[in-house]
There are 2 protein chains.
Amino acid sequence: MLAAARDLLTHRGLQALTMRALAERLDVAPNTLYSHVANKTALIDDLLDEVLAEVQAPTPDIEDPTVGLHQLMASAYDVLLVHPDLVPVYLARQGARGPHAQRLGDITIALLRRAGVVEPAAAEALRVLIIYTIGSAAFASRPPLATGTEHRLNPDESAANFANGLRWLLAGIVQDPTQVRR
Amino acid sequence: MLAAARDLLTHRGLQALTMRALAERLDVAPNTLYSHVANKTALIDDLLDEVLAEVQAPTPDIEDPTVGLHQLMASAYDVLLVHPDLVPVYLARQGARGPHAQRLGDITIALLRRAGVVEPAAAEALRVLIIYTIGSAAFASRPPLATGTEHRLNPDESAANFANGLRWLLAGIVQDPTQVRR
DNA sequence: ACCTGAACACCGTTCAAGT
DNA sequence: ACCTGAACACCGTTCAAGT
């Protein structure tokens with residue numbers, strides 16, 4: 001069912017991901033879905049976390065933890081853009097909450113600690129990094145409706161802009177003078 | 001009509017802002033609205049820009065431009081949270097595009113220049129700041145559906161987290177060694 | 001446990017027509 | 001220019017019932 005939902009999303013977009021269309025794809029009556037999932041929101045939440053399974057985590061003992069943080073966020077950015085339609089939904093739902101999201105959070109905290117960022121700053125930095133990464137992906141995905149002559153960035157420009165901001169952000173986090181250094 | 005839409009949004013939320021409800025509030029048939037606006041998306045876009053009118057810009061000759069940037073983004077954050085439901089829509093629409101959004105962008109670029117950030121980095125920094133500010137507001141607004149035992153931040157914690165990240169980001173932007181300094 | 005027909009209470013939008 | 005009745009083509013979800 002989740003696979004079918006993902007398939008529908010990939011090939012026909014978020015607006016085509018309706019309970020009725022999903023039921024049709026599974027050769028089942030629309031209301032049958034409610035025997036397997038509480039409602040559409042719960043289905044979407046499952047989908048959000050599942051997508052994050054593909055994020056590549058750096059090896060935990062990477063030499064430079066700041067580089068590791070950059071790689072991790074960059075991989076998350078790439079994975080988010082595999083389903084561009086879903087990105088604004090991450091924002092609306094304020095991230096994912098499943099096991100995959102949990103795992104990425106743990107890795108990030110560990111890397112931050114190695115970079116000299118200790119609690120409570122690490123939790124704050126994690127939240128900031130998540131917000132920035134999902135937000136960047138939202139701005140990189142194509143808009144729901146093109147209106148007028150927008151000067152939009154192409155995917156490469158968006159990715160470069162994301163990397164630049166990430167560099168700024170990580171520099172600010174790691175170099176914060178109020179921070180205890182290792 | 002825009003005022004009625006805003007009223008509906010404030011008192012009954014985004015999901016209650018339907019063309020039919022708006023028509024009823026204006027004592028008019030639903031299809032009458034289409035004599036005044038192309039479709040619902042166009043109406044929402046007008047609404048997004050109108051909200052930004054209330055963002056407080058610092059005086060252009062503020063002593064420390066970094067402080068001015070912080071104040072400007074903090075005011076935008078506050079204004080965005082006046083209509084929490086609308087914030088994910090800003091992300092989905094990738095910001096606003098009207099005259100008010102334009103004005104805030106111009107002011108930001110001017111402050112960045114005074115802080116020693118010149119083109120093309122200024123345009124990149126502007127985009128990063130917009131993404132971070134709207135993203136933070138999206139994470140601060142209450143979720144569409146509460147699921148399970150979330151450990152959410154309260155509004156004050158969210159605002160503090162936003163300010164912290166903004167500080168990190170501005171520090172990274174202004175102190176970037178690849179940047180030409182004034 | 002899993003599935004169904006039928007219905008409820010909605011949506012955004014279009015069309016032809018009226019003033 | 002502004003408004004309307006009526007309809008079209010959909011939604012998510014619930015209910016009672018069937019296997």
Euclidean distance, atom CG of residue A:L33 to atom C1' of C:dA1 [Å, nearest integer]: 15 Å
Proximal nucleotide (of D:dT4, C:dT13, D:dG12) relative to the A:R20 side chain: D:dG12
Interatomic distance where CG belongs to A:L22 and C1' belongs to D:dC11 [whole Å]: 14 Å
Minimum-distance nucleotide (side-chain atoms of A:Y34 versus D:dT14, C:dG12, D:dC11): D:dT14
Side chain to side chain contact (heavy atoms under 4.5 Å, CB included) assessment of B:W168 paired with A:E124: CA-CA 11 Å; B:W168 285 328; A:E124 297 230 35; 4.1 Å; yes
Distance flag, aromatic centroids of A:F162 and A:Y77, threshold under 6.0 Å: yes
Residue closer to the 5' end of DNA chain C, B:A38 versus B:A16 (nearest nucleotide): B:A16
Touch class at under 4.0 angstrom, heavy-atom based, for B:T18 against every strand present: sugar-phosphate
D:dC8 - base-pair partner by Watson-Crick or wobble geometry, distances under 3.5 Å: C:dG12
N-O pairing of B:D176 and A:R167 below 4.0 Å: yes
Rounded interatomic separation in angstrom, taking CD from A:E24 and P from C:dC3: 16 Å
Nucleotide of C:dT13, D:dT13, D:dC3 approaching A:K40 most closely (side-chain heavy atoms): D:dT13
Value in whole Å for how far the P atom of D:dG12 lies from CD of B:Q15: 14 Å
Contact under 4.0 Å: B:S35 side-chain N or O vs D:dA1 OP1/OP2: no
Nucleotide C:dC3, atom P - distance to CE of A:M1 in whole Å: 10 Å
Pair A:N161-A:E157, side-chain donor/acceptor within less than 3.5 Å: no
Nearest-angstrom distance from the residue atom CE of A:M19 to C1' of D:dT14: 13 Å
Any strand: nucleotide that pairs with C:dT19 via Watson-Crick or wobble, under 3.5 Å: D:dA1
Closest to side chain of B:H36, choosing from D:dC2, D:dT13, D:dT4: D:dC2
Between P of D:dT14 and CG of A:N39, the distance in whole Å: 8 Å
Length of the line joining A:L17:CG and D:dC10:P, which is rounded to integer Å: 16 Å
SB check A:D49 A:R97 (cutoff 4.0 Å): no
Phosphate-side-chain proximity, B:T32 and D:dC2, N/O vs OP1/OP2 below 4.0 Å: no
Nearest-angstrom distance, P atom, D:dA9 to C:dA9: 23 Å
